[in-house]
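Written out below as structure tokens is the structure these notes cover.
Note on naming: letters A, B, ... go to the chains in the order of the sequence lines (proteins, then strands), and numbering restarts at 1 for each one.
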Protein chains: 2
Amino acid sequence: MTDNSENKNTVRAVDRALDILLCFTDAKELTLTAISQKVGLNKSTVYRLLASLEGRGFLTRHPETEKYRLGFRVWELSANLTQEDDPATLLLPEMIRLRDLLGETISLYIRNGNERVRIQAAESTQTIRRVAPIGARLPLYVGASSKVLVAYADAQVREKVLDDPEWPPYIDRQTYIDQLEEIRSNGYATSIGEREEGAAAVSVPLFNRRGELVAALSVSGPYNRLTQDKMKEIAPEVMEAAKRMGKMIK
Amino acid sequence: MTDNSENKNTVRAVDRALDILLCFTDAKELTLTAISQKVGLNKSTVYRLLASLEGRGFLTRHPETEKYRLGFRVWELSANLTQEDDPATLLLPEMIRLRDLLGETISLYIRNGNERVRIQAAESTQTIRRVAPIGARLPLYVGASSKVLVAYADAQVREKVLDDPEWPPYIDRQTYIDQLEEIRSNGYATSIGEREEGAAAVSVPLFNRRGELVAALSVSGPYNRLTQDKMKEIAPEVMEAAKRMGKMIK
DNA sequence: AAACTGAGTTTCACTCAATGAAACAATAAC
DNA sequence: GTTATTGTTTCATTGAGTGAAACTCAGTTT
């Protein structure tokens, strides 16, 4: 939020208003004061910025809670943005089916540089806290989905990832590389408590019709529900779903 | 674009920036000067507003065309906005299937007050001009989808629509009411050149699991391809699709 | 009932940030 | 070559945007 970057020639009031909008990437509902704290601006300033955002329909106030939420204008814009060949849109119904079958959170990750991005999700109804908001960027060296994305990437990409100067010293490269090999032979990856304490995940690769890797599809939940055995048990199911989903993508 | 409404206490620069964003509801790509004409502002003003919008990722410049487009931030926001029980998202894959089967543009309309809103679409690849952008609001007195939405609405709603003081005098109410009756007995509506010259459409109701009307699903195209006979022929197909889609919605 | 919190809203004086005109650069069109 | 037509920068002017503080209105606490 405190990112001025190097761009000059920018309009301060607009920057601030957009920062306010961006607050809603990890919060669904916010009060005026919460926002003013988050962006570090005076209440009255935020008040007027919110008035503009609300006036144009980018935010609305929920009638009951009185809190601010994203408005229909965001949806209207995104609808025109969304390509119908956008995986995130096409695959959601199938992901929901899988979620309802397994009862755990289903996520879809793509690789972007040396990170992975969560582009779609069907949250478990039991989950209290979300794994990560959609659009969240995570490092590629921990988590089942990370390894899937690296394991099935082309050799050049894999090398580039492993050569990342920011690779953390506490993760042994050779162990990691060995894991990739294992994942390729199994067809899926699992992780327990790697990225977050108490959380486990199974992840499988998602290939498009041409057989290219496009994403990693993961099932994640608390490790007391998602034990190693349980994950092994559901893996074929998940791989099957990924296969079906892959057929939908060019 | 020239809508100040009654809201005071609003920040001018922000209002203007948001107006610029809204230009992209009916245009995919715009140049700076095009925008400045559209919103009626000085080029340099627009230049700086664009710098802010671009800096925060709400707009990007297409590397080739150099023109402005909606940026990833819009998608990121909308991803968090989109409920997974949002019909527009859930139904798209099925709509695409139907589009690929019939080769014509598939649209989904919901009623909102005395208008209908196009909430989702799978455009025919042959179509040059779009029927309407997503989010577009159209009157309820012309077009196949309008009549479907009215025909299957509850009596109170139907009455409210027919009592609209702005009902155009050149459309006879009794004829319209008779058509509704016919639509209910057929299970679908057709229209030729009603809303737009040379365009035809078949539309069917979409009911949720509880049997409530939620939307109208339409197939539209040029009337030389979509003749009355052709429409009669494909109607069962469309109704079947609507039935399947309805099962996905609470 | 009074005092107190913690929401949102309004007022107001100050001043700096946003503005438009015009000049400028960089291509594309003729 | 000239002529349009992009996008970009400069600069003086001023009024739009700002923060502090006052205020309202519910809901809690004392």
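Ranked by how close their nearest DNA chain C nucleotide is to the 5' end, Tyr47(A) and Val11(A) are led by Tyr47(A).
Taking the charged nitrogens against the carboxylate oxygens, Glu123(B) and Arg118(B) do have a contact shorter than 4.0 Å, which makes a salt bridge.
Using a 4.0 Å heavy-atom distance criterion, Ser44(B) is classed as a base contact.
A donor-acceptor pair under 3.5 Å is absent between the side-chain atoms of Glu66(A) and the main chain of Arg61(A), judged by distance alone.
Remark: the Ser52(B) side chain and the Thr10(A) side chain contain an N/O donor-acceptor pair separated by less than 3.5 Å. Checking Thr60(A) against Arg69(A) by side-chain atom types alone, no donor-acceptor pair falls below 3.5 Å.
Listed candidates were dG7(D), dT18(D), dG8(C). Nearest to the side chain of Thr33(A) is dG8(C). Among the nucleotides dT8(D), dA18(C), dT9(C), the one closest to any side-chain atom of Tyr68(B) is dT8(D).
At whole-Å resolution of the value, CG in Leu41(A) and P in dA17(C) are 14 Å apart. For the pair Leu50(B) CG and dT6(D) P, the computed distance is 14 Å after rounding to whole Å. Summarising the geometry, the separation between CD1 on Ile20(A) and P on dG17(D) is reported as 14 Å, rounded to the nearest angstrom. Here dA17(C) presents its P atom at 16 Å from CG of Leu49(B), a figure rounded to the nearest Å. Here the C1' atom of nucleotide dG8(C) and the CD1 atom of Ile35(A) are 12 Å apart, to the nearest Å. Rounded to whole Å, the distance from CD on Glu66(B) to C1' on dT6(D) is 10 Å. If you measure from atom CG of Asn42(A) to atom P of dT9(C), you get 14 Å, rounded to the nearest angstrom. Here dC12(C) presents its C1' atom at 17 Å from NZ of Lys43(A), a figure rounded to the nearest Å.
Close to dT9(C), at under 4.0 Å from its OP1 or OP2, lies no side-chain N or O of Asn9(B). Of the side-chain N and O atoms in Arg12(B), none sit less than 4.0 angstrom from OP1 or OP2 of dG15(D). OP1 and OP2 of dT9(C) both lie 4.0 Å or more from every side-chain N or O belonging to Arg48(A).
Within a 6.0 Å radius of OH in Tyr223(A), no more than 12 heavy atoms belonging to other residues, nucleotides or ligands are found.
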